[in-house]
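So the structure is just underneath, and the comments pick up after that.
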Amino acid sequence: ADDDIFKVPLHWHKDHDKIITVLEGRLKVTLGKDTKVYTPESGEAFMPRGVPHALESFKGEPCVVTERTNPSEFDNKELFFRNILAIPGGLILMMQVFYYGDGYPEFPVHMPWLEKAFVKLFGGCLAPLLGHQLKYDSLKKVHA
């Protein structure tokens with residue numbers, strides 16, 4: 001009952017789709033403007049690239065999920081989770097992880113070009129200028 005809620009705010013991915021399967025418990029999945037609660041009996045939750053989505057567990061309820069990507073060879077998910085869980089917090093550090101992990105926050109008015117520019121400015125430019133580095137960089141993407 002004292003466990004925190006697992007909550008991932010609205011975000012989207014440019015290069016991969018996300019597929020979530022709930023193994024135990026319930027998970028609220030928002031996809032675009034629709035929200036659905038998934039359970040082990042619900043099947044997979046498919047989040048297409050480019051579509052904003054959010055995830056939220058329920059307080060006091062254990063929730064176990066798996067996540068995979070399409071294309072399946074998209075190999076930055078493990079690196080993304082290692083880095084996002086290793087940072088102490090803060091917008092600039094989070095945007096740096098997003099920059100290298102194909103993640104973009106959704107703004108109140110969804111404008112992909114602005115969200116991409118925001119991540120590039122804060123995560124790709126400002127974070128390194130301030131001396132921030134990813135804790136794990138072995139799978140770091142090459143950006144043009």
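Each residue takes its place number in the sequence, starting with 1. Keep in mind that what you see is a predicted model, and the values were worked out from it rather than measured.
In the hydrophobic clustering of this structure, V51 does not group with V109; members are Ile, Leu, Val, Met, Phe, Trp, Tyr whose side-chain heavy atoms approach within less than 4.5 Å, directly or through other members. Neither M94 nor L55 shares a network with the other; the hydrophobic side chains, linked directly or stepwise wherever heavy atoms of I, L, V, M, F, W or Y lie under 4.5 Å apart, form separate groups for each. Linking ILVMFWY side-chain heavy atoms closer than 4.5 Å, directly or via other members, places V8 and V65 in a single hydrophobic cluster. L129 is not connected to I92 by any chain of hydrophobic side-chain contacts under 4.5 Å among Ile, Leu, Val, Met, Phe, Trp and Tyr, and they are in different clusters. Residues L10 and I20 fall into different hydrophobic clusters, defined by Ile, Leu, Val, Met, Phe, Trp and Tyr side chains chained together at heavy-atom separations under 4.5 Å.
The two atoms that bring A54 and P9 nearest to each other are CB-C, 3.9 Å, heavy atoms only. Nearest heavy-atom pair across A127 and G123 is CB-O, 3.7 Å. F58 and I5 get closest at one heavy-atom pair: C-CG1, 4.5 Å. M47 approaches A45 most closely through the heavy-atom pair CE-O, 3.3 Å. What you find for L91 and F118 is that their closest heavy atoms are CD2-CZ, 3.9 Å.
Q133 CD to Q96 CD: the interatomic distance, rounded to the nearest 0.5 Å, is 8.0 Å. Annotation: the span from Y99 atom OH to N83 atom CG amounts to 14.5 Å, rounded to 0.5 Å. Note that CE of M111 is 11.0 Å distant from CD of E106, once rounded to the nearest 0.5 Å. The line from CZ of F80 to CG of L134 is 11.0 Å long, rounded to the nearest 0.5 Å. The structure places CG of L126 at 12.0 Å from CE of M95, a figure rounded to the nearest 0.5 Å. One distance of note links CD1 of I19 with CD of E67; it measures 8.5 Å at 0.5 Å rounding.
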Name the atoms and distances for all side-chain donor-acceptor pairs under 3.5 Å in residues 21-31, with sequence neighbours left out.
unit_1, atom_1, unit_2, atom_2, d
R26, NE, E61, OE1, 3.0
R26, NH2, E61, OE2, 2.7
T30, OG1, T35, OG1, 3.0

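In this structure, F98 and P105 have side chains that are in contact, with non-hydrogen atoms separated by less than 4.5 Å.
With R49 as the fixed residue, the side-chain hydrogen bond (donor to acceptor under 3.5 Å, both in side chains) test singles out one of D15, D17, T69: D17.
Scanning for ring pair (Phe, Tyr, Trp, His ring centres under 6.0 Å) contacts around Y38 gives an empty result, with sequence neighbours left out.
A donor-acceptor pair under 3.5 Å is formed between the side chain of H11 and the backbone N or O of H53.
The existence of a salt bridge linking K14 and E115 is excluded, since no basic side-chain nitrogen approaches an acidic carboxylate oxygen closer than 4.0 Å.
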